[in-house]
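Worksheet: the structure to be examined is printed underneath.
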Amino acid sequence: MLMQLLKRELLRHWRCRQDLINPLIFFVITVSLFPLALEPQGQLLARIGNGIIWVAALLAAMLSLESMYRDDYLDGTLELLLLQSGSPYQVVFAKIISHWLTSGLPLVLMSPLLAVMMQMESESAIALILTLLIGTPVLSLIGSVGMGLTVGLRQGGVLLSLLVLPLYIPILIFGAGAVSRASMGMDYSGQLALMGAFLVGSLSLVPFASVAAIKVSIR
Amino acid sequence: MTMQEFFHMGGHGFYIWTSYAVGTVVFIGLFLMVKFQRDKIIKQLRRRYRQQKSVNEQNSKTTASSNKAG
Amino acid sequence: MKNENGDENNNQQTDSQRFVPRTILTVTNLGIRRSERWLFRDLNFELKSGEVIQVVGENGAGKTSLLRSLCGLLPYARGEAKWAEIDESECLPLFLGHLPAVKPELTVFENLKFHPIAGEFATESQIEAAIEEVQLGFYLDTQARYLSAGQVRRVGLARLLIAQTPCWILDEPFTSLDVDGCHWLEGKIDDFAKNGGCVLLTSHQSIHLPTPPKLLELSNAEQFTC
Amino acid sequence: MTWQWFHRLSSPKWFYQISGRWLPWIMGISLLLFSAGLYQGLFNSPIDYQQGHTVRIMYLHVPTAFASMMFYVILAVAAAVGYIWRIKLAHMAAVSAAPVGAAMTFLALSTGALWGKPIWNTWWVWDARLTSELILLFLYLGFIALHQAFEDREVGDRAAGVLAMVGIVNIPIIHFSVEWWNTLHQGATISKFEKPSMDPAMLVALLLMIFAVLLFCTAIMMYRMRNEVLSREHNKSWVKEVVGQ
């Protein structure tokens, strides 16, 4: 059941490939703006590089949340799926996984390139990739609850960021913190463990919250 | 504590009084907003009830006239 | 499409009742409120197998809200709607909403293949048969965005043929269907009712079925609520 | 029997009458406590040996910070009760608690900044508590904005209810991560917000102010709930009598 739904989502995303690339381009552009704003060489860029990449990854992931429920809601398939699929949680879960695969994973794959661009050393680049790998699914998970709440609204985009960004803060703190500890050569496995705990926690709670959120705004 | 020293508050008077000023503004603001909201709602409801009463009267007149005619 | 009377009788005997005849749905003084305004109150009716009920009322009387609340999309404010227990072979009522629920970027075949009906997915043969029945065989692999509104509606209606459900809830199924499309759908509804299924639908166009549908009048309970 | 009692408790009409009787008292007592606290705090409590007079800002900062957190808990509990048992009064309580809580958070932040200026001569200090207070303000604004976004109030209530429940799960996590983040960057505890050695006179002033602020906020919240009841139950007959022609 889940696999079929996942295949459907991926096929749907694949059919309109264009808007998969936009968040990626946004991610690269925002990160490369900072060296232009600050002086490109020197220690400064390496030190704040990971913070910039993390914030840009956060915003890019949130940018692509719109596609999760909005167009299914508009042409009526979301209701049909929730009603007919026997278990709405699997529908929501499939959508979250497909959102992560189509927007979170490309960010992770792109981040080494940007780490080099920000003159980060190799071990903090590895830490960046690891933290992004654990962090981006959480972004999709929490984003799905926010998207569920605002799916019925016309101008839901701005409201979505107001709802979802405060909930992203722990992930941002631990993610950027782990990378900065790595750049100081210290061990950052503690932060990764906490992010893992956060990931598992939201994996178990979010499907229920998302279905409740969608049920509220389906009118 | 002389009055002058009271306001001076050991050089930090400005911060203390501004924070208390902000405090009173917020508290009084909360209270006034509630009062203002209440009056607005009551006025709105009164207008609506008057409107509704007039519509009901119109209906009762038309039904009355239709009974007479019928 | 319209079978003569003679054929109709034997069709009934030979074709064993697909569904066990019983009351599928009992609704007791149901009331729905839309932000402080009562759409209707104390609605009582029963939906027995083999029956077709058409909900009538002018715009805004709450026809769509009634259908959506019966299948759980919209919480109703008062009263109760009880569905009979549905055993393993059958499945939950099939609800087709106002929107055709067809993804424009998926092809006709994929639209039916990937949409679960009552928990599982239709087999290839079922889908092909349904698409043939709906006369969209030629468009099997074209993306739904190239189809006309009527054809998209037919893809949505093809789901009726796949679902093993004792009850159809159709919201304006006849919109954007052409003449013989309407005939086809009327025939389908009639066969379904003859086989013991029950249909609850709303429609602006007049429906002429061999056995006229029962009318459920939704009078606006409170005309002048403020 | 208890269910019937619980149901009667949640009828807006009953709430309107009860609050009508009790509100003047609550308001009166809170104003009384306010004046006593202010007198105690500003006049006859000693100055702190390090901070001098600026410690007097504490009498406003600590109560408002406490009220802001308490009101978010009230908001979340009311929203959860409203969402699960579909009690309208609980939704009304949540909706009226939000602006009061947001005002208290704003006040706590501004007094915190004003307190920080004389001590570190910077307006904003990234202290763990102040940062969590700032995030709490964002959560409040998110709640209010989401509730306003829906025309149909019932949908707005339920949507904001879900957000409040998700928020309450995240608050300890946010607070813990901010604490950890604060100790990472700024070393152990240099923040002056630890309560200075409590001289009994100060403690009395602080307690008086805490109760005064809490009572005042509850009174404001109940006033807002009365307005909410009137505007939502406008087609009920008892509202017509109360409002009068």
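Chain naming here is simple, since letters A, B, ... match the order of the sequence lines and numbering starts at 1 in each. Values reported hereafter were calculated over all heavy atoms of this structure, with side chains retained and with hydrogens, waters and symmetry mates removed.
- The part of A:Leu80 that comes within reach of chain C is its side chain, from C-beta onward, which places non-hydrogen atoms under 4.5 angstrom from that chain.
- Environment of NZ in C:Lys48: crowded, with over 12 heavy atoms of neighbouring residues, nucleotides or ligands closer than 6.0 Å.
- By the 4.0 Å N-to-carboxylate-O rule, A:Arg15 lies close enough to C:Glu110 to be salt-bridged with it.
- Annotation for A:Gly76 and C:Ala101: closest pair O-CB, 3.8 Å, computed over non-hydrogen atoms.
- In this structure, the separation between CD on C:Glu105 and CZ on A:Arg12 is 6.0 Å, given to the nearest 0.5 Å.
- Shown here is A:Phe34, whose CZ atom has no more than 12 heavy atoms of other residues, nucleotides or ligands within 6.0 Å.
- Considering only heavy atoms from C-beta on, A:Leu83 comes within 4.5 Å of C:Cys71 through its side chain.
- Put simply, CZ on C:Phe95 and CD on A:Glu79 are 6.0 Å apart, with the number rounded to the nearest 0.5 Å.
- Between A:Arg8 and C:Leu106 the shortest heavy-atom distance is CG-CD1, 4.5 Å.
- Contact count versus chain C (heavy atoms, under 4.5 Å) is highest, among A:Leu81, A:Ile218, A:Leu11, for A:Leu11.
- Separating the OG1 atom in A:Thr77 from the CZ atom in C:Phe114 is a distance of 14.0 Å, to the nearest 0.5 Å.
- Looking at A:Leu74, the atoms closer than 4.5 Å to chain C (heavy atoms on both sides) all sit in the backbone: N, CA, C or O.
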